[in-house]
Amino acid sequence: MCKGLAALPQTCLERNASVPHLCSRAKEIKTKLGTLLQKPENAIDLIIPYPEKLEKKPEKLQKPTPEEAMQWRESLDRVLMNSYGLATFRSFLRSEFSEENIEFWVACEDFKKTKSLVKMATKAKKIYEEFIQTEGPREVNIDHFTKDVTLRNLVELSPATFDLAQKRIYALMEKDSFGRFLRSEQYQELLK
């Protein structure tokens, strides 16, 4: 393996204007291979990162017309199903220091789309530890019954594992935050 490290061209470590992405990739590979030699148990994650770990370019959000934004008044669903609406609502919740609610809802939506049981287990653990567990870093406000049901659902994972908790948080956002969002300056600006 050491021959593999030495075989990478030294010129790739230098600035090369014609192919900077290839040279930076070679440097990245060399770094990962060096780490691999020290920590073989993490080898697969270093060499073949999961698609989730790859950086995604944020999509360009299309600002809605005032007419489209006006339709958001009909329901929280209309806001959440629109990428610009979701981003605006998230920003509003951040300003109210309650963005953990929308982050939990989004994490649950992502969890439901997961097909692989291994990935599902990883995501479920992360969601539980981050949002449901008492004293979690972004614990959402749900009752003990809902926490207990969710914990029991973790034993046999399915796309519906977090459904009850997600419904409770959705209801909280709909009843509490949604009205304030519609009155907010952020939303009112979209109607002009």
Side-chain angles (χ1 to χ4, degrees), residues 17 19-25 28 45 48-116 118-133 136-142 146 150 157-192:
V19 284
H21 65 284
L22 293 177
C23 290
S24 65
R25 181 73 178 132
E28 180 185 350
D45 287 344
I48 306 169
Y50 288 108
E52 299 167 348
K53 293 182 183 179
L54 298 176
E55 289 183 30
K56 296 178 184 175
K57 291 184 181 180
E59 65 178 77
K60 182 80 171 155
L61 297 178
Q62 182 68 40
K63 185 176 178 180
T65 65
E67 293 76 26
E68 290 170 326
M70 182 67 80
Q71 292 176 358
W72 295 354
R73 291 181 172 274
E74 294 173 20
S75 71
L76 179 56
D77 272 339
R78 285 226 183 229
V79 174
L80 300 180
M81 295 305 143
N82 179 289
S83 55
Y84 199 94
L86 176 61
T88 306
F89 189 62
R90 178 182 275 147
S91 173
F92 170 74
L93 291 178
R94 190 175 303 125
S95 75
E96 289 201 328
F97 304 100
S98 62
E99 73 180 299
E100 70 279 355
N101 293 329
I102 193 65
E103 297 301 335
F104 172 69
W105 186 87
V106 168
C108 291
E109 288 297 298
D110 177 60
F111 176 81
K112 288 179 193 178
K113 296 173 189 167
T114 306
K115 302 292 183 220
S116 160
V118 173
K119 287 182 182 180
M120 194 179 268
T122 303
K123 288 180 180 184
K125 183 178 188 280
K126 183 178 179 191
I127 291 170
Y128 182 80
E129 289 175 351
E130 193 167 340
F131 298 106
I132 306 290
Q133 184 175 305
R138 299 196 290 175
E139 182 182 3
V140 292
N141 186 10
I142 55 174
T146 303
T150 304
L157 290 177
S158 79
T161 297
F162 294 100
D163 278 2
L164 180 61
Q166 186 183 23
K167 285 176 186 168
R168 298 279 162 96
I169 292 304
Y170 180 92
L172 178 70
M173 290 189 299
E174 186 176 46
K175 185 181 100 188
D176 189 41
S177 308
F178 184 55
R180 287 195 307 277
F181 169 70
L182 294 176
R183 294 186 299 275
S184 73
E185 198 172 300
Q186 288 169 299
Y187 177 70
Q188 293 300 317
E189 283 296 313
L190 296 172
L191 299 178
K192 294 178 181 175

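A donor-acceptor distance shorter than 3.5 angstrom exists from the side chain of Arg183 to the backbone of Gly179, with no hydrogens or angles considered. Put simply, the side chain of Tyr187 never gets that close to the backbone of Thr88: no donor and acceptor are under 3.5 Å apart.
Atom OG of Ser98 is separated from atom CZ of Arg180 by 7.0 Å, given to the nearest 0.5 angstrom. Between the CZ atom in Arg78 and the CE atom in Met70 there is a gap of 13.0 Å [rounded to 0.5 Å]. Here the NZ atom belonging to Lys175 is positioned 14.5 Å from the OH atom belonging to Tyr170, to the nearest 0.5 angstrom. Atom-to-atom distance recorded for Ile102:CD1 and Ile169:CD1 is 10.5 Å, nearest 0.5 angstrom. Distance check: Leu93 CG to Trp105 CH2 gives 12.0 Å after rounding to the nearest 0.5 Å. One distance of note links OG1 of Thr150 with CD of Gln166; it measures 10.5 Å at 0.5 Å rounding.
More than 12 heavy-atom neighbours from other residues, nucleotides or ligands sit within 6.0 angstrom of CG on Asp77. Counting non-hydrogen atoms of other residues, nucleotides and ligands closer than 6.0 Å to CD of Glu185 gives a total of 12 or fewer.
Considering all non-hydrogen atoms of both residues, Glu96 and Ser177 come closest at OE1-OG, 4.3 Å. Shown here for Ala107 and Phe131, the closest heavy-atom pair between the two residues is CB-CE1, 4.2 Å. Scanning both residues, Ile142 and Ile132, for their nearest heavy atoms gives CD1-CD1, 3.7 Å. Lys112 approaches Pro159 most closely through the heavy-atom pair CG-O, 3.3 Å. For the pair Phe162 and Ala124, the tightest heavy-atom approach, listed with the atom from each and the gap, is CZ-O, 3.6 Å. When all heavy atoms of Thr114 and Met120 are compared, the pair lying nearest together is O-CE, 3.2 Å.
Taking Glu99 as the reference, Arg94 meet the salt bridge (charged side-chain N to carboxylate O under 4.0 Å, His left out) condition, with sequence neighbours excluded. Glu67 is linked by a side-chain contact (heavy atoms from CB on, under 4.5 Å) to Thr65, counting only residues two or more places apart in sequence or in another chain. The salt bridge (charged side-chain N to carboxylate O under 4.0 Å, His left out) search around Glu68 returns none, not counting sequence neighbours. With sequence neighbours excluded, the residues that form a salt bridge (charged side-chain N to carboxylate O under 4.0 Å, His left out) with Lys192 are Glu189. For Thr122, there are no side-chain contact (heavy atoms from CB on, under 4.5 Å) partners, not counting sequence neighbours.
For the ring pair (Phe, Tyr, Trp, His ring centres under 6.0 Å) condition, the pairs that include at least one residue of residues 68-94, sequence neighbours left out, are Phe89-Phe181, Phe92-Phe181.
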request  = Under the side chain to side chain contact (heavy atoms under 4.5 Å, CB included) rule, what do Glu130 and Glu103 come out as? Steps first, then yes or no, please.
outcome  = CA-CA 10 Å; Glu130 193 167 340; Glu103 297 301 335; over 6 Å; no
Evaluate Met173 against Val79 for side chain to side chain contact (heavy atoms under 4.5 Å, CB included), listing each step before the verdict.
CA-CA 12 Å; Met173 290 189 299; Val79 174; over 6 Å; no
Test log, rule side chain to side chain contact (heavy atoms under 4.5 Å, CB included), inputs Gln71 and Asn82 | CA-CA 11 Å; Gln71 292 176 358; Asn82 179 289; over 6 Å; no
Practice problem: Given salt bridge (Lys or Arg N to Asp or Glu O under 4.0 Å), test Asp163 with Lys167 step by step and report yes or no. | Solution: CA-CA 6 Å; Asp163 278 2; Lys167 285 176 186 168; 5.0 Å; no
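Looking only at side-chain heavy atoms (C-beta outward), Leu80 and Glu109 stay at 4.5 Å or farther from each other. The closest side-chain heavy-atom distance from Leu172 to Val140 is not below 4.5 Å. With a 4.5 Å cut-off on side-chain heavy atoms, Tyr128 and Thr161 do not count as touching.
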